[in-house]
Amino acid sequence: MYRLTLKCLSLNFLLLISLLSSRFGTCDARHSLYWKGNRRSIAEGKSSGTINVLDHGAKGDGTSDDTKAFEDAWKVACKVAASTLLVPSGSTFLVGPISFLGKECKENIVFQLDGKIIAPTSASAWGSGLLQWIEFKSLKGITIKGKGIIDGRGSVWWNNAKMPRTKPTALRFYGSNGVKVSGITIQNSPQTHLKFDNCKSIQVSDFTTSSPGDSPNTDGIHLQNSQDAVIYRSTLACGDDCISIQTGCSNINIHDVDCGPGHGISIGGLGKDNTKACVSNITVRDVTMHETTNGVRIKSWQGGSGSVKQVMFSNIQVSNVANPIIIDQYYCDGGGCHNETSAVAVSNINYINIKGTYTKEPVRFACSDSLPCTGISLSTIELKPATGKASSLDPFCWKAHGELKTKTLPPIQCLKTEKSPEAASRSNNDAC
């Protein structure tokens, strides 16, 4: 009986050892399959990662063409959700015209720019001319950030007749949603520095542009057909508008921006070639402007249609600005313009706490004969002639209707306070 019991115990022990061994084997097999599967997930782009352009053939010596290396690195980054494409510090990358396309791309890609990217200066690199140098297209959640520099080396375009007539924008975003630009500098662009076209949910912060005041058509930031944008804590020096807001823009919030040199912050020109333009809900506040040709400006061509409405310019400090406040419905760039009855309607424009010095004309409201400006509101305007520089021009108004909520300096006595008799025809012209 005792031997039988001992035999049973021995048999049970062996069975237990066998069972435990099989479980450990299963565990090891699962562990192996997990790591194999995880490596496969990374390869298929299901996990985040950092892709360095140097690992894809970029030289970063400032003379070798690194365009293909950037294209190859982007293709890898595109497959990885929330990945980072790294342009490392300490290197200068020569990159030709390039498009980073969002087709079949994962969301929330980060372009970490810590180094320097420079444009080619030979005419052959640009063919017959291109509209943009670096383009990000059709992306959802794209961020460009870092302390790096994009240098368009624009002087060869501004001063060299051998370059193509069509000058490229340095950095353009098209058809993208959730765009962030932070920390980087764009300098010496051949034309516009940073452009957003047909984009939504835009955030620009701690951004710098740096180009000479006489560099032609070098807007700092240009927006068109874009909505829901905030631009703040940025320093913009250029040869054209520090910020240009074009047709199709709404819900644009600009604050804590330093502008100069340049042409100020502009809405327009709108309605060129008898086109329809729609701009609304624009706020520009807490901005400083110095040595600019204009301050806050709305400009439109004769013959257009549509409207600009619900705009606020608040807490603007100007220093040696030629024309601090402008509405110009007779804008004509280049001459050859003709008088036309149709116009882009301008209404509900609010100016609050605009102070500083001017060198030419403090206020100019040149509104349409057939469609006067309405709803202009001014409060706490204090503009003084710059010492030894300003002309003696008084504020100018034509067909401008609105309200003075406080006394102004200089007095703006030309603003009409009665309702415009032409306002009844406005609804047919300004539908947007």
Side-chain angles (χ1 to χ4, degrees), residues 60-68 70-71 87 91-100 111 113 115-137 144 148-174 181 184-197 204 207-224 234-246 259-266 268-269 272 291-294 333-335:
D61 56 15
T63 56
S64 301
D65 186 352
D66 289 326
T67 309
K68 187 177 186 304
F70 273 63
E71 291 172 341
V87 182
S91 298
T92 299
F93 301 90
L94 175 64
V95 177
I98 187 169
S99 290
F100 298 103
F111 192 100
L113 177 59
K116 186 175 185 179
I117 300 174
I118 60 175
T121 55
S122 62
S124 61
W126 302 95
S128 59
L130 296 171
L131 294 175
Q132 52 269 332
W133 167 28
I134 301 171
E135 180 183 43
F136 289 84
K137 186 175 182 180
I144 296 186
I149 296 172
I150 296 174
D151 189 347
R153 301 204 281 184
S155 60
V156 298
W157 295 85
W158 311 327
N159 306 317
N160 189 347
K162 294 181 180 180
M163 298 299 284
R165 292 187 63 183
T166 301
K167 300 178 180 67
T169 289
L171 177 60
R172 180 199 188 213
F173 293 89
Y174 178 80
V181 177
I184 69 168
T185 295
I186 303 178
Q187 63 189 29
N188 301 318
S189 178
Q191 200 180 59
T192 300
H193 290 76
L194 175 61
K195 179 181 287 188
F196 298 95
D197 189 357
V204 179
F207 171 67
T208 301
T209 64
S210 179
S211 289
D214 60 355
S215 55
N217 302 311
T218 54
D219 289 10
I221 301 174
H222 180 102
L223 302 105
Q224 63 187 51
S234 295
T235 302
L236 308 175
C238 56
D240 210 306
D241 295 330
C242 291
I243 300 175
S244 171
I245 301 167
Q246 299 295 326
C259 168
H263 294 183
I265 295 178
S266 294
K272 186 176 182 180
E291 312 296 334
T292 57
T293 58
N294 305 297
D333 184 15

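Hydrogens, waters and symmetry mates are skipped; everything else that's a heavy atom, side chains included, is used. Sequential numbering from 1 along the given sequence is applied to the chain's residues.
Across all their heavy atoms, Cys242 and Pro261 have their closest contact at SG-O, 4.2 Å. Pairing each heavy atom of Met163 with each of Val156, the nearest pair is CG-O, 3.2 Å. The two residues Gly127 and Pro164 make their nearest non-hydrogen contact at O-CG, 3.6 Å. Scanning both residues, Ala237 and Gly260, for their nearest heavy atoms gives CB-O, 3.5 Å.
At a threshold of 4.5 Å between non-hydrogen side-chain atoms, the residues Phe207 and Thr235 do not count as touching. In this structure the side chain of Ser244 never reaches within 4.5 angstrom of the side chain of Leu223, judged on heavy atoms. Residues Trp158 and Asn160 have side chains not in contact (no heavy-atom distance under 4.5 Å, counting atoms from C-beta outward). Between Glu71 and Ile98, some side-chain heavy-atom pair lies under the 4.5 Å cut-off. Residues Thr67 and Leu94 are not in side-chain contact: their nearest non-hydrogen atoms beyond the backbone lie 4.5 Å or more apart.
A donor-acceptor pair under 3.5 Å is absent between the side-chain atoms of Thr208 and the main chain of Thr185, judged by distance alone. For the pair His263 (side chain) and Gly239 (backbone), a donor-acceptor distance under 3.5 Å is present. Not one N or O on the side chain of Thr209 forms a donor-acceptor pair closer than 3.5 Å with the backbone of Gly220. Remark: the backbone N or O of Thr121 is not paired with any side-chain donor or acceptor of Trp126 at under 3.5 angstrom. Of the possible polar contacts, one joining the Gln246 side chain to the Gly268 backbone as a donor-acceptor pair under 3.5 Å is found. With Ser189 contributing its side chain and Thr192 its backbone, the two residues share a donor-acceptor pair below 3.5 Å.
Here the CG atom belonging to Asn217 is positioned 8.0 Å from the CG atom belonging to Asp333, to the nearest 0.5 angstrom. To the nearest 0.5 angstrom, Phe136 atom CZ is 3.5 Å from Ile144 atom CD1. Distance check, rounded to the nearest 0.5 Å: CD of Glu135 to NZ of Lys195 gives 10.0 Å. Between atom CH2 of residue Trp157 and atom OG1 of residue Thr166 there is a gap of 8.5 Å, rounded to the nearest 0.5 Å. The line from CG of Leu194 to NE2 of His222 is 10.5 Å long, rounded to the nearest 0.5 Å. The distance from atom NZ of Lys167 to atom OG of Ser215, rounded to the nearest 0.5 Å, is 11.0 Å.
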Inset, instruction - Apply side-chain contact (heavy atoms from CB on, under 4.5 Å) to the pair Ile221 and Leu236, showing each step before the final yes or no. - result: CA-CA 8 Å; Ile221 301 174; Leu236 308 175; 4.2 Å; yes
Inset, instruction - Could you check His193 against Ser211 for side chain to side chain donor-acceptor pair (under 3.5 Å), going step by step and ending with a plain yes or no? - result: CA-CA 9 Å; His193 290 76; Ser211 289; 2.7 Å; yes
Inset, instruction - Take Arg153 and Asn188, measure what side-chain contact (heavy atoms from CB on, under 4.5 Å) needs, and give me the verdict at the end. - result: CA-CA 5 Å; Arg153 301 204 281 184; Asn188 301 318; 5.7 Å; no
Inset, instruction - Given side-chain contact (heavy atoms from CB on, under 4.5 Å), test Ile149 with Ile117 step by step and report yes or no. - result: CA-CA 6 Å; Ile149 296 172; Ile117 300 174; over 6 Å; no
Legend entry - Derivation of the side chain to side chain donor-acceptor pair (under 3.5 Å) call for Gln132 and Thr169: CA-CA 4 Å; Gln132 52 269 332; Thr169 289; 6.0 Å; no
Legend entry - Val87 and Phe111: CA distance, side-chain angles, deciding distance, side-chain contact (heavy atoms from CB on, under 4.5 Å) verdict: CA-CA 8 Å; Val87 182; Phe111 192 100; 3.7 Å; yes
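Taking the six-membered ring for Trp and the full ring otherwise, the centers of Phe196 and Tyr174 sit at least 6.0 Å from each other.
Each of Asp65, Asp66, Leu113, Asp61 was checked for a side-chain contact (heavy atoms from CB on, under 4.5 Å) with Phe93, and the lone residue meeting it is Asp66.
With sequence neighbours left out, the side-chain hydrogen bond (donor to acceptor under 3.5 Å, both in side chains) criterion links Ser266 to Asp241, Arg297. Under the side-chain hydrogen bond (donor to acceptor under 3.5 Å, both in side chains) criterion, Gln187 pairs with Asp151, not counting sequence neighbours.
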